[in-house]
Amino acid sequence: MEAEKIWMDGKLVNWNDAKVHVLTHALHYGSGVFEGIRAYKTEQGTAVFRLKDHVDRLFNSAKILRMDIPYTKEEITKAIKETIKVNKLDSCYIRPLVYRGFKKLGLNPFTCPVQVMIAAWEWGAYLGEEALAKGIKAIISSWQRSHINSTSAKAKICGNYINSIFANMEAVESGVEEAILLDSNGYVAEGPGENIFWVKDGIVFTPPLTSVLEGITRKTVIKIASDMNFKIKEEFIARDVLYLADEAFFAGSAAELTPIREIDHHSIGSGSRGPVSKQLQEKLFNVFKGKEKQYNAWLDFVT
Ligand code: PPE
């Protein structure tokens, strides 16, 4: 995981020189917001997937955290493309971060400058290549998603991810790949860095957006699944509905579409990637790679 240059506050700096002061506000308190975006190699060149949606969400997250980004959306969009280009990447993951820098420590963030960085690097399958084909094992975490009055699920806030890290560590140390978090009412919410879907009797389900991130992949899966004539439903469910599902999968920019083959030692459906997950996954990857012309408006070409 390394590329040549990182965009920092308007300048491209060498990967190893992209440093911050140790008293950076965000380092102490998690006061930053970020995005995770992927770009794919297509026949017409490298294309960033749903870049506008990601930039819009970055600005919305910043608004919720009361940070004025010192650049316009156009400038950030241009900087993202420039970062991909200068690193000569054709398929990559892009991580923009807007954070409170260093001026004065203490919880009050307002005196600290709002800084921006954009990095991009090659990042293969989030949970491994095999995970995409065979699915992963998950557990229901003993950590629950933060209550909607404890933090904002709408905003992709750095500090929120401690909740995700607790859940992920618990999963990994339990010998499975990923966690599933319930919300504060006990209903299935999402993964630490992914939205969750399940399939029952041919219907595709996902939880409502109350306490989960409004995932761009989630939105994409819903759109392509309904275009493929699947019925989609948003439902609050208890964990046992997942145990009895025919299929389950995670969706996210990093995770793409990763099937879940086991939850809490219950095998899900056939115990491997299910047929609906496979169909949606294939369609999604074709969309990413520009092979489904009707969705090409989602592709933002780098050159
Ligand atoms: N929920 C959470 C909590 C989340 O972090 C993500 C993205 C999603 C759902 C899916 O959102 P979207 O990417 O817009 O479809 N998680 C990012 C960070 C993952 C990481 O390990 O870091 C991502 O996928 O880039």
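Numbering of ligands and ligand atoms starts at 1, following listing order.
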- Which ligand 1 atoms, with their elements, are less than 4.0 angstrom from a heavy-atom of Glu190? 1 (N), 2 (C), 3 (C), 9 (C)
- Query: To the nearest 0.1 Å, how far is atom 10 (C) of ligand 1 from its closest protein heavy atom, and which atom is that?
  - Reply: Asn195 OD1, 3.6 Å
- Query: For atom 14 (O) of ligand 1, which candidate among Ile216, Ile196, Thr220, Thr217 provides the closest heavy atom?
  - Reply: Ile216
- Message: Return the closest protein heavy atom for atom 25 (O) of ligand 1 as residue, atom name and distance.
- Response: Tyr93 OH, 2.5 Å
- Task: Ignoring hydrogens, just give me the one of Ala189, Gly193, Gly215, Pro192 whose non-hydrogen atom is nearest atom 8 (C) of ligand 1.
- Result: Gly193
- Are side-chain heavy atoms of Phe301 and Thr46 found at a separation under 4.5 Å? no
- Item | Nearest option to atom 7 (C) of ligand 1, as decided by whichever heavy atom of Lys156, Arg145, Glu194 sits closest | Lys156
- Message: Whether Lys73 and Asp56 form a salt bridge (side-chain N of Lys/Arg under 4.0 Å from carboxylate O of Asp/Glu) is what I want to check.
- Response: yes
- Query: Got a sec, which residues hit side-chain contact (heavy atoms from CB on, under 4.5 Å) with Lys233, two or more places apart in sequence or on another chain?
  - Reply: Ile203, Phe205, Lys231, Glu235
- Message: Pro208: which residues meet the side-chain contact (heavy atoms from CB on, under 4.5 Å) condition with it, sequence neighbours left out?
- Response: Thr210, Glu234, Phe236
- Message: Before we go on, tell me: are the rings of Trp7 and Tyr71 under 6.0 Å apart, centre to centre?
- Response: yes
- Message: Name the residue from Tyr40, Tyr295, Trp298 that meets the ring-ring contact (aromatic ring centres under 6.0 Å, His included) definition with Phe288.
- Response: Tyr40
- Is there side-chain contact between Arg95 and Met117, with heavy atoms separated by less than 4.5 Å? yes
- Polar-atom distance check: Trp123 versus ligand 1, any N or O pair below 3.5 Å? no
- Message: Given Arg95, Arg38, Glu256, identify the one with the heavy atom nearest to atom 22 (O) of ligand 1.
- Response: Arg95
- Proximal ligand 1 atoms for Gly36, defined as those under 4.0 Å from one of its heavy atoms: 25 (O)
- Closest protein heavy atom to atom 21 (O) of ligand 1, given as residue, atom name and distance to 0.1 Å: Tyr126 OH, 2.4 Å
- Output yes when the distance from some N or O of ligand 1 to some N or O of Tyr161 is under 3.5 Å, and no in every other case. yes
- Item | Test of proximity, Arg218 against ligand 1: N or O pairs below 3.5 Å | no
- Any idea which protein heavy atom is nearest atom 13 (O) of ligand 1, and the distance to it? Ser253 OG, 2.6 Å
- Query: Parallel under 30°, tilted from 30 to 60°, perpendicular over 60°: which one fits the rings of Trp121 and Trp15?
  - Reply: perpendicular
- Message: Looking at Lys156 and Glu35, is there a salt bridge between them, counting it only when a charged N and a carboxylate O are closer than 4.0 Å?
- Response: no
- Message: Can you tell me which portion of Ser164 lies within the under-4.0 Å heavy-atom range of ligand 1? Options are side chain, backbone, both, or neither.
- Response: neither
- Task: With heavy atoms of Ala254 as the reference, note each atom of ligand 1 found under 4.0 Å away.
- Result: 23 (C), 24 (O), 25 (O)
- Item | Any Glu214 heavy atom less than 4.0 Å from ligand 1 | no
- Are Arg57 and Glu214 close enough for a salt bridge, meaning some N to O gap below 4.0 Å? no
